[in-house]
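For reference, the structure is listed below as C-alpha cells.
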2 protein chains.
Amino acid sequence: MTTGNDEEKGKVLRGRAAAVGLNKNQVVAAAIAQIGEKGLAAFSLRELARKLGVSPAVIYWHVGGAKEDLYAEISASITGTLSEGLDADMPWDDRLRQVFLKYRELVHRHPAVAPLLGAQMKSNGVANLDWVETILSALHDGGYRGDALRPAFNALVGGLAGFVTMELAPPPVSKPDSEGETWQDLFAKRVAQTDPELYPLTAAALPEISNRIFVLRWQSGAEIPYNDSFELLLDLLVEGLKARAPAPPS
Amino acid sequence: MTTGNDEEKGKVLRGRAAAVGLNKNQVVAAAIAQIGEKGLAAFSLRELARKLGVSPAVIYWHVGGAKEDLYAEISASITGTLSEGLDADMPWDDRLRQVFLKYRELVHRHPAVAPLLGAQMKSNGVANLDWVETILSALHDGGYRGDALRPAFNALVGGLAGFVTMELAPPPVSKPDSEGETWQDLFAKRVAQTDPELYPLTAAALPEISNRIFVLRWQSGAEIPYNDSFELLLDLLVEGLKARAPAPPS
DNA sequence: ACCTGAACACCGTTCAAGT
DNA sequence: ACCTGAACACCGTTCAAGT
C-alpha cells in the first residue's frame, strides 16, 4: 500500500513538482468528477491525466499500483463520511433506518460510481469499520447476538446496498442505431407493446410500472429515483428483524 | 437490432463460411465460458476471437454493434430460462420464494457474469416479460393491486437480485505486491487486527463474521455462499408483504 | 451469408531519466 | 519527492475485400 504520498506535512515543493503540485486527494477528486461526466465505462486513466495536464505515469505515482487501486480510493473517499453525524441516541430500529437512508443519499450523490461500491469487492475495508460497528451495535441492542448477528447484518447490507446498486445501474452508452433511434427509444416502444393476451397483469399495470420498475425501465434511478420502494424495503427489513429478535432488546 | 443472424433455417453454408460455421449462440456461449475463466474485467473481444479461431470482426457480425450488445446477449441467455419449470399451483408466497430462489441458483451458476445482471441496465427486457408477469401475478394473488404493485415489486427485485449482485461481486485481480502478499492476505490480516477498544462489537464477533459478512470479507459469494442470509432476507420480505397486504388475498 | 486482413485511434502499465 | 517522455503490448471498432 505504498503510494508515495504520506499526507501533507508542510513539504517544500521544488522544481517542476512545485508547478504541478498534485496530491492523491486531487487525483481521486478529479477521477470522481470525470466518471460523473462521462460514465464509468468510458473512464480512462490517460484522459484523466490529460485533464490534469500531467503525464499518465503521475496517476500511478500518487495512487497505488493500478486502475483498480484508484477505484478502491474512490470508494473509500465516498464511503468515508458514512458514519459522520449519526444520532446515536435513538431506538435501535431508528438507528438502522438512519444508517441506510444515509447510505443511499451518499451514493445518490455520485450515481456513476455506484457499480464500484456494489459490484466490486475491493473497497478498502478499514475505512468502513465505523460503519460496521454502528450496524452491529444497533442489531445488538435489538437483541441480535452471536450466531444471529451475521445473517441479520448480511440481509440488511446485501438487501439495501444491493437495492441501491441496482437502482443506479448505469444505462448503456446511448448511440443511435441506423434508423437514428436510441436503445431507450426502442425499449420504451417494446414495453408499450406488451401483449395483453400473454401478459395480462403486466399490460394492465403499464401506466403504473412502465419505466418505474426494475426490469421494465429505460432510465436509471439517477433520473427516476425509487424512494418509496426503498423505504418499503427498509421498513420490511427493520420491522421484520424487530418482530423476530432472538433475545429481548437492551 | 439487426445482427445478420436470422435463426437457422437450413442454410447452405458455402466456402470459408462452411469451414468455420459459427452462429450467435456459439459466440455467446464461448464468451460466457471465457468470462468464467478469466473474469469479467479481463474479458476481451480479441481474445474471444482468437479462442474461436476467427477474425475479431466476426464477433461484430454475429452479435449486434458493440461489446455492450454482447453483454446484453449474455444476460438474456442466462435469464432466459428463469421462468421455466416453475410450479404455479402453490400459495402466492411460496411462488415468490420459488422464483427468487431459482434466480439466485441460476446466477450462482455463472458468478462471474453477475455484475452484468445487477449493475448494467441493458439486458434485453423482452426475454424477461414472463418473469415479470410471474412476480406480478403472485403479488396480485397476495392482495397487491394498482399503486401497491410497483413498490412491492421493486422492493423484492431490488432487494433480492441486489443481494445476489453484492454476494457475487468479483474480488480484485490478485497479483502479489512487492512483498509477495496478495490483497487477500493483507485484508485478512487487517480484519484480524480490529481494535477491540475502538470496535468492541466487531472485534468480539470476529469468529462469526470474519470473511463472512459483506464489508469484512476477502472472498466472494462464489467461494463462500450466503445461503442462510439470503433466505432470511427472502423470508423477511415475503412474510412482511404477507402481513401488510392492502387487499385480501385471492 | 459469412469471414479475412489491415487500419485507426485509443488504452493500461512500466521504466529510465530529469529536477 | 514528484514529474516527463517514450516504449510495450494490448485493446474496441470499422471497412473494404474475399468466397
Side-chain angles (χ1 to χ4, degrees), chain A residues 2-27 30-31 34-35 38-72 172-173 175 177-178, chain B residues 2-27 30-31 34-35 38-72 172-173 175 177-178:
Chain A
T2 330
T3 65
N5 179 27
D6 13 320
E7 315 309 312
E8 348 284 290
K9 28 183 167 183
K11 281 178 279 191
V12 182
L13 300 173
R14 287 156 310 186
R16 204 69 168 70
V20 175
L22 221 50
N23 63 34
K24 201 212 282 188
N25 292 337
Q26 295 176 51
V27 172
Q34 201 190 144
I35 293 173
K38 311 241 179 172
L40 188 61
F43 175 72
S44 113
L45 291 181
R46 289 187 103 103
E47 199 180 334
L48 175 62
R50 280 195 296 272
K51 195 157 199 166
L52 290 167
V54 113
S55 158
V58 172
I59 315 289
Y60 289 84
W61 196 90
H62 282 288
V63 175
K67 207 182 180 185
E68 220 172 16
D69 297 281
L70 176 55
Y71 285 157
V173 287
K175 38 175 181 180
D177 74 350
S178 46
Chain B
T2 330
T3 65
N5 179 28
D6 12 319
E7 317 307 312
E8 347 284 291
K9 28 181 169 183
K11 282 177 277 190
V12 181
L13 298 174
R14 288 155 312 186
R16 204 69 168 71
V20 176
L22 221 49
N23 63 34
K24 201 213 282 188
N25 290 338
Q26 296 176 50
V27 172
Q34 200 189 144
I35 292 174
K38 311 239 179 173
L40 188 61
F43 175 73
S44 113
L45 291 181
R46 289 187 102 104
E47 199 180 333
L48 175 62
R50 279 195 296 271
K51 195 156 199 167
L52 290 168
V54 114
S55 157
V58 172
I59 314 290
Y60 289 85
W61 196 90
H62 282 287
V63 175
K67 205 182 182 185
E68 219 172 17
D69 297 281
L70 176 53
Y71 285 157
V173 287
K175 41 174 181 183
D177 74 349
S178 46

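Atom set for the values below is all heavy atoms of this structure, side chains included, hydrogens, waters and symmetry mates excluded. Chain letters run A, B, ... following the sequence lines, proteins first and then strands; every chain starts at 1.
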For residues 57-68 of chain A, which residue pairs qualify under salt bridge (Lys or Arg N to Asp or Glu O under 4.0 Å), counting only residues two or more places apart or in two chains?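 Of all non-adjacent pairs touching residues 57-68 of chain A, none passes salt bridge (Lys or Arg N to Asp or Glu O under 4.0 Å).
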Distance check needed: C:dC2 C1' versus B:Leu22 CG, whole Å only.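 B:Leu22 atom CG is separated from C:dC2 atom C1' by 10 Å.
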How long is the line joining CD of B:Gln26 and P of C:dC2, in whole Å?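 Computing the B:Gln26:CD to C:dC2:P distance gives 12 Å.
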Can you give the donor-acceptor pairs under 3.5 Å from side chains of residues 49-56 of chain B to other protein atoms, not counting sequence neighbours?
residue : atom : partner : partner atom : Å
B:Lys51 : NZ   : B:Glu37 : OE1          : 3.1
B:Ser55 : OG   : B:Ala57 : N            : 3.4

Could you pull out the closest heavy-atom pair between B:Leu22 and B:His62, with the gap in Å?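 That would be O-CE1, 3.0 Å.
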Any idea which heavy atoms bring A:Ala31 and A:Leu70 closest together, and the distance?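 For A:Ala31 versus A:Leu70, the nearest heavy atoms are CB-CD2, 4.2 Å.
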For B:Lys38, enumerate each residue passing the side chain to side chain contact (heavy atoms under 4.5 Å, CB included) test, keeping only those at least two apart in sequence or located in another chain.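 Scan of B:Lys38 (side chain to side chain contact (heavy atoms under 4.5 Å, CB included), adjacent residues dropped) gives B:Ala42, B:Glu47.
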Which dot-bracket string fits DNA chain C when only Watson-Crick or G-U wobble pairs with both atom distances under 3.5 Å count, crossing pairs get [ ], and | stands for a partner on a different strand? ||.|||||...|||||.||
Under 4.0 Å from OP1 or OP2 of C:dC3: is there any side-chain N or O of B:His62 that close?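 For C:dC3, OP1/OP2 do have a side-chain N/O of B:His62 under 4.0 Å.
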Decide side-chain contact (heavy atoms from CB on, under 4.5 Å) for B:Tyr71 and B:Leu40; before the verdict, give the C-alpha distance in whole Å, the side-chain angles of both, and the deciding distance to 0.1 Å. CA-CA 10 Å; B:Tyr71 285 157; B:Leu40 188 61; 3.9 Å; yes
Contact letters for nucleotides 9-15 of chain C, in which S counts primed atoms plus P, OP1 and OP2 and B counts the base, heavy atoms under 4.0 Å: --SBBBB
